[in-house]
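Written below as structure tokens is the structure these notes are about.
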Amino acid sequence: MFFSPRRGLLLRLQTIKQITTPGIAPLVWLAETALSPALPSYCLDYRQLILMNDDISSLLNDLNDAQREAVAAPLGQQRVLAGAGSGKTRVLVHRIAWLCQVENAGAHNILAVTFTNKAAAEMRERISQLLGRSPQGMWVGTFHGLAHRLLRAHWQEAGLQDGFAILDSDDQLRIVKRVMADLGLDDKRWPPRQAQWFINGQKDEGLRPRHIQPAGDLFLTTMAQVYAAYEDACRRQNAVDFGELLLRTLELLRDNASLLEHYQRRFRHILVDEFQDTNAVQYAWLRLLAASASSLMIVGDDDQSIYGWRGARIENIQQFNLDFPQTQTIRLEQNYRSTATILKAANALISNNSERLGKNLWTDDPDGEPIRFYQAFNEQDEARYIVEVIEQALRQDGYRRQDIAILYRSNAQSRALEEALLRASIPYRIHGGQRFFERLEIRNALGYLRLLRSRHDDGAIERIINVPPRGIGEKTVAHLREYAREHQCSLWTAMQQLVGQRLLNGRACNALQAFMLLIEQLEIATEELPLHQRTRHIIEHSGLLTYHKEEKGEKGQSRVENLEELVTAAQAFSYQQEEGEELLPPLVAFLDHAVLEAGETQAEQHEDSVQLMTLHSAKGLEFPLVFMAGMEEGLFPHKMSMDGAGGLEEERRLAYVGITRAMQQLYLTCAESRRLHGQENYNPQSRFIREIPSELVHSVRMQQSGTSSHGSGSSLFHGSSVPDTPFTLGQAVSHPVFGEGVVLNFEGAGAQARVQVHFSGEGSKWLMLSFAKLEPL
DNA sequence: GCCGTCGCATTTTTT
DNA sequence: ATGCGACGGC
């Protein structure tokens, strides 16, 4: 019968599933109706049915109904709205296994796309785990990684030259600056960063300079001019930036029918993670590739779209069904991460947004602790409070430091928090600092490697021509640039010719000649060496090592360490040649790797530490104990985001992301006054606080007496008690008329004692303790 | 060519 | 407040 070959049974499962109506347990129905003649009568539950086959039971058994529906969905288009903590990656990975094992897809028929290298690595890892082998031939990667791969394979059709280089945003900015200077644009009036932003924005939208209609607008005219000149410069240098990787790939597929067809035939099954973050080009790219695919599953959450400001289009997920009318939408709403209280808060908050696809997170778990809200006097007090709670959580509640995260809207907020943690000797780690391959010393070393790859890498020359200092000054470099521009050649060529023709003064000539000789010598000496030895040789013989060693202070020390780390990284770098790919020289592959995967933010600290990061970088993570600091109007929602349409909603989604990071306990804090950019600000509480139902929030007024355990730094307010009374400065109190307040100050003692109390509604008042019915809270 | 000083801006970040 | 970038003096 048809269940003996596994595939037959499962195909039947599929077919039946498609025609069942929602609401009726489809698989039970299936068992009864479709298979009953062939099955023993006890087989009424699909679980038993499924259990007849080991492969499939392992795929579906530990999933909830919605997850199972997504994993076992019929071919075609699925939009999975995966709420925070709803097992999204799990569904993706199981779906891939399902496609392989049930739909008979070969690994090479599958394309799985993510946004970050981290997500791609995790997915690859989990697929291997589930399949019990590495998914040979499957394309699992980031948009940029996959685009890069396509361009390397088809550089000719894409209009590139072989061995093109990838620019990171730093290189990009350098080129933009160069180009703008050449155009004679005043960089005061036209900040290069703005132009860079503009160019990237256009590329994200799929627009080339010729698509821009300036319509007399000076800004647009100028920017289009810069954009065009920048494109020229990139072409001359045989370099592509991040946006170009995507746009070029889109154009490649769009304009090469046979190539497109080839990949369409190959990728029968396409899966996309974090779909709410796709920009216009990425979406267009997917639509092309998936036009005739057997299945397309997009997974995402419109409520977690927080990258609109860098080109992500929330409409891509919201209106996906317009482009793919057959789309089936599946909601993953059961949350396995947070307490019911936290989920209720998140649901309530996000319900203030309009245009949502709609989703309501729920959990089987109990309510848990209420959310705590603390309003501090200033940012120091806020940090002090957070650290106190952390100390207690570590001491009494058995939290590890890595269970705890402090989230904030902007990086500037981290300082006060760091200081307080430092004072309390609590190890912490800040995410989002400089990344490994972006460090100055690393970029310098890579500059030399880049020159070994190609002498015509102008960016690399500009970076290292005088690092370490070797007597080649700005003037000389300016000559080179001038010559290169006139003759439309690279800086290296310009150098050769200027030196050859003795067109520069003797000193400059000698210096340049020495530099060229150095590069040639590095090349000759290391040609045959393995990558890491090559790297080491270059670091040592370029003078970089000595140069950084002699830098004063800790800086030099850590730079030397990083250079050593680079050698280790080169050694650890093993380049996996994929099938059908030309073999890249290890050096080239390593340089690509350095740009595309700029490495962890901070060298992995293995010490257990409290995690500090912005709300943006917290996306995708979870922590048992979460603090959201700086819940103030103007800061969060940030005032800069309040103008554009949808800006406030994106901020709210950011708040939603923050809240849903918390597993057990969530603390919200704000400060009545905050010093920012050297200016004292008085911001009202964030509206997001008010959007959380008050019954979920427990307001902790000022710190309870006696717990101020250390660091009197900002605690003038705290600790000292009002004589002969149960009151302490900073203590939360309640008054029958004025409500809840905080003791700010006192004078007198005994029957004469008066206290100044700040009431949130009423402001500050002086009260005679003997009359006022003041209760400690 | 290098170092110091002044002025200015200052949300969020990946690839 | 602070850091980075541009400019000017040695």
Side-chain angles (χ1 to χ4, degrees), chain A residues 113-120 141-148 166-173 177 186-188 191-194 197 200 203-204 240-247 249 274 277-279 281-282 305-312 379 407-416 419 431-435 437-438 440 466-477 507-508 511 592-601 613-620 630 634-644 647 650-651 653-655 657-658 674-681:
Chain A
V113 196
T114 63
F115 272 83
T116 64
N117 292 304
K118 196 174 154 202
T142 63
F143 278 100
H144 291 85
L146 299 170
H148 175 225
I166 306 171
L167 300 169
D168 65 20
S169 42
D170 217 73
D171 300 325
Q172 187 187 33
L173 183 61
K177 276 186 184 161
D186 175 15
D187 56 6
K188 286 279 178 342
R193 285 202 173 276
Q194 190 184 30
W197 183 260
N200 289 335
K203 289 195 181 187
D204 283 347
V240 296
D241 59 43
F242 290 125
E244 188 71 29
L245 283 173
L246 299 176
L247 181 49
T249 307
E274 302 281 17
D277 290 336
T278 50
N279 64 30
V281 168
Q282 287 158 337
S305 163
I306 55 174
Y307 288 112
W309 51 274
R310 62 174 200 214
E379 77 280 0
L407 311 182
Y408 36 79
R409 176 66 236 264
S410 67
N411 286 306
Q413 287 169 254
S414 71
R415 171 161 261 126
E419 281 168 2
H431 293 243
Q434 220 185 10
R435 322 177 76 223
F437 285 107
E438 285 168 2
L440 179 89
N466 203 31
V467 177
R470 49 174 69 91
I472 304 174
E474 187 52 36
K475 190 101 174 286
T476 308
V477 178
R507 208 175 348 154
D592 286 344
H593 167 82
V595 179
L596 284 175
E597 308 187 27
E600 266 297 296
T601 280
M613 68 193 87
T614 63
L615 287 152
H616 282 90
S617 25
K619 197 172 105 177
L635 191 60
F636 190 32
H638 199 281
K639 55 180 176 301
M640 301 301 268
S641 66
M642 302 288 282
D643 35 314
E650 183 155 308
E651 293 287 301
R653 293 193 290 269
L654 192 53
V657 166
R674 178 179 300 274
R675 207 173 178 73
L676 203 62
H677 317 312
Q679 201 77 135
E680 206 84 28
N681 293 282

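Chain letters run A, B, ... following the sequence lines, proteins first, then strands; residues in each count from 1. What you see is a predicted model, and the numbers here were worked out from it, not measured in a lab.
Checked against ring-ring contact (aromatic ring centres under 6.0 Å, His included), His593(A) has the following partners two or more places apart in sequence or in another chain: Phe437(A), Phe573(A). Shown here are the ring-ring contact (aromatic ring centres under 6.0 Å, His included) partners of Tyr307(A), two or more places apart in sequence or in another chain: Trp309(A), His616(A). For His144(A), the ring-ring contact (aromatic ring centres under 6.0 Å, His included) partners at least two apart in sequence or on another chain are Phe242(A). Shown here are the salt bridge (Lys or Arg N to Asp or Glu O under 4.0 Å) partners of Asp171(A), two or more places apart in sequence or in another chain: Arg443(A), Arg450(A).
If you check every strand for non-hydrogen atoms under 4.0 Å, Asp277(A) touches nothing. Nucleic acid contact for Asn411(A): sugar-phosphate only, since backbone atoms but no base atoms lie under 4.0 Å from a heavy atom of the residue.
In plain terms, the two heavy atoms of Leu146(A) and Gly141(A) that are nearest each other are CD1-O, 3.8 Å.
The side chain of Ser410(A) places no N or O atom within less than 4.0 Å of a non-bridging phosphate oxygen (OP1 or OP2) of dT10(B). Between Arg435(A) and dT13(B) there is no side-chain N or O to OP1 or OP2 distance below 4.0 Å. For Asn279(A) and dT14(B), the shortest distance from a side-chain N or O to OP1 or OP2 is not below 4.0 Å.
Between Arg409(A) and Leu654(A) the shortest side-chain heavy-atom distance falls below 4.5 Å.
Distance from the side chain of Trp309(A) is smallest to dT13(B) among dT11(B), dA1(C), dT13(B). Nearest nucleotide to the Thr116(A) side chain, out of dT11(B), dT14(B), dT12(B): dT14(B). In this structure, of dA1(C), dT13(B), dT12(B), it is dT13(B) that holds the atom nearest to the side chain of Ser617(A). Minimum atom distance to the side chain of Thr614(A) is reached by dT13(B), of the listed dT15(B), dT13(B), dT11(B).
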Protein N or O to nucleotides 1-3 of chain B N or O, pairs below 3.5 Å:
{"residue": "dG1(B)", "atom": "OP2", "partner": "Gly473(A)", "partner atom": "N", "Å": "2.1"}

Annotated protein contacts, base or backbone, on nucleotides 2-10 of chain C with a non-hydrogen cut-off under 4.0 Å, one of B, S, - each: S--------
